[in-house]
Amino acid sequence: MTCILVIEDEDLIRESLEDLLSLEGFEVITAENGERGVNLASQKHPDLILCDVMMPILNGYEVLEQLRQNKALSTVPFLFLTSMMDRRSTRKGMALGADDYLEKPCTKDELLEAIAVRLGRQKAIDQRIEEKMEALRTSITLSLPHELQTPLSGIMGLSELMMMQSEELLPSEVYEYADGIHKSAKRLYRLIQNYLLYSRLIVMKSQGQTLFTSTYPCNSQMIISNLGDRKARSCDRLDDLELNLAEINLAVSSEDLTKISEELIDNAFKYSPQGSKVTISSQITDGTWIFTIQDHGRGMNEQQIASIGAFIQFERQFYEQQGMGLGLSLAKTLVEFYGGKIDIQSQENVGTSLCISIPF
């Protein structure tokens with residue numbers, strides 16, 4: 001049953017609203033002043049709040065301000081009941097986060113229509129959030145077992161073969177098995193480290209730390225050039241790599257710049273075909289470091305760009321691919337900790353251009 005909290009200091013109006021809404025099938029709780037209303041809202045978590053403006057102890061604006069500071073109640077639909085329908089008071093309420101105003105006295109139809117509209121809008125928001133959560137759960141279900149099992153299978157399978165064939169293996173074969181085990185272990189290690197780093201950044205952001213500084217600048221040209229060359233060699237795509245990097249000492253820790261560049265360069269090669277160019281460039285423009293990576297791969301549509309987040313991979317059921325969709329989110333979060341931003345321009349079956357800008 002939908003619960004509505006009515007905060008009204010006039011007994012007759014409060015009781016009339018309680019009777020009317022109860023007859024319409026709502027669960028109704030009431031408060032005779034603002035302070036009591038805030039306490040009831042915190043205890044009962046109503047689905048919607050009707051609140052008078054002029055009240056003793058706490059007025060309607062003070063009630064709304066306190067409720068919007070409570071995370072559990074910050075999105076609950078809030079409707080003012082007031083006889084002051086001037087523009088100034090309306091704007092003040094809206095600025096604090098009110099959803100609507102109803103002028104006293106109002107008709108039954110006006111009241112019920114306003115309630116229905118706000119509850120309907122909140123239901124649509126809740127449904128959209130649930131759809132996003134379901135998409136996240138599905139993505140994790142598809143990606144996490146695969147990402148953990150694949151390297152573990154490689155490690156266990158190759159080590160088992162080495163034990164079974166230990167007496168007859170040639171040195172070259174031992175090296176080949178060991179190399180396979182090492183690559184699988186590196187993949188698993190990178191997955192765990194990325195997950196731990198991303199989790200740490202999210203916790204830091206939730207605690208109010210939103211900006212990193214680096215005492216020692218790093219050689220951005222050397223770091224990015226080495227990463228690009230190494231990735232291109234591992235994919236046998238040296239001819240596809242184009243570098244145009246300015247020699248700049250950047251006020252970002254070398255570890256963080258390595259992680260940002262590694263994840264984005266890895267994606268550029270992973271999601272573009274062999275024989276297509278991957279162009280990596282950097283420059284200083286208007287006091288800002290601009291770092292661009294452009295590929296000619298499968299690209300993304302606008303909806304996919306808007307939905308970028310940790311553990312989200314697009315069309316995994318159609319494309320067999322490594323990774324959990326964590327790399328881009330991790331890079332984006334690190335860039336934001338240095339006061340920068342990532343701009344993504346992409347077109348399906350044409351390619352993607354990632355542009356990072358960080359104040360120099």
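One is the number of the first residue; the rest follow in order along the sequence.
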Are any of the side-chain heavy atoms of [X] and [Y] separated by less than 4.5 Å?
{"X": "Glu8", "Y": "Thr30", "value": "no"}
{"X": "Ile13", "Y": "Asp52", "value": "no"}
{"X": "Leu250", "Y": "Ile223", "value": "no"}
{"X": "Ile181", "Y": "Met162", "value": "yes"}
{"X": "Leu79", "Y": "Leu111", "value": "no"}
{"X": "Leu119", "Y": "Thr2", "value": "yes"}
{"X": "Ile344", "Y": "Leu328", "value": "yes"}
{"X": "Ile284", "Y": "Ile248", "value": "yes"}

Residues Ser276, Arg237; criterion side chain to side chain contact (heavy atoms under 4.5 Å, CB included); working and verdict: CA-CA 9 Å; Ser276 65; Arg237 293 180 60 182; 3.4 Å; yes
By ring pair (Phe, Tyr, Trp, His ring centres under 6.0 Å) - contacts of Phe269 (at least two apart): none
Residues Gln122 and Asp126: side-chain donor-acceptor under 3.5 angstrom: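 Their side chains do contain a donor-acceptor pair, which is all the 3.5 Å distance test asks for.
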Arg14/Glu18 ion pair, N-O < 4.0 Å: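 The answer is no: the pair does not qualify as a salt bridge.
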Distance in Å, [X] [atom1] paired with [Y] [atom2], rounded so as to fall on 0.5 Å steps:
{"X": "Cys235", "Y": "Asp266", "atom1": "SG", "atom2": "CG", "answer": "7.5 Å"}
{"X": "Glu176", "Y": "Leu170", "atom1": "CD", "atom2": "CG", "answer": "10.5 Å"}
{"X": "Leu257", "Y": "Leu334", "atom1": "CG", "atom2": "CG", "answer": "10.0 Å"}

Neighbour count above 12 (heavy atom, 6.0 Å) for Met204 CE: yes
Steps toward salt bridge (Lys or Arg N to Asp or Glu O under 4.0 Å) verdict (Lys270, Glu263): CA-CA 10 Å; Lys270 184 189 299 182; Glu263 296 302 328; over 6 Å; no
Write down the atom of [X], the atom of [Y], and the distance for their closest heavy-atom approach.
{"X": "Met55", "Y": "Val63", "result": "CE-CG2, 4.2 Å"}
{"X": "Ala72", "Y": "His45", "result": "CB-CE1, 3.4 Å"}
{"X": "Ile265", "Y": "Gly228", "result": "CD1-N, 4.0 Å"}
{"X": "Ala31", "Y": "Leu40", "result": "CB-CD1, 4.0 Å"}

Pairs involving residues 333-360, ordered by first then second residue, that meet ring-ring contact (aromatic ring centres under 6.0 Å, His included) (sequence neighbours left out): Phe212-Phe337, Phe212-Tyr338
Pair Asp343-Gln345, side chain to side chain donor-acceptor pair (under 3.5 Å): steps then yes or no: CA-CA 7 Å; Asp343 179 61; Gln345 302 293 326; 3.1 Å; yes
Check against side chain to side chain contact (heavy atoms under 4.5 Å, CB included), Asn33 and Asp9: CA-CA 5 Å; Asn33 60 61; Asp9 63 320; 5.7 Å; no
Please tabulate, for side-chain N and O atoms in residues 286-297, each donor-acceptor pair with protein atoms closer than 3.5 Å (sequence neighbours left out).
| unit_1 | atom_1 | unit_2 | atom_2 | d |
| --- | --- | --- | --- | --- |
| Asp295 | OD1 | Gly297 | N | 2.9 |
| Asp295 | OD1 | Thr352 | N | 3.3 |

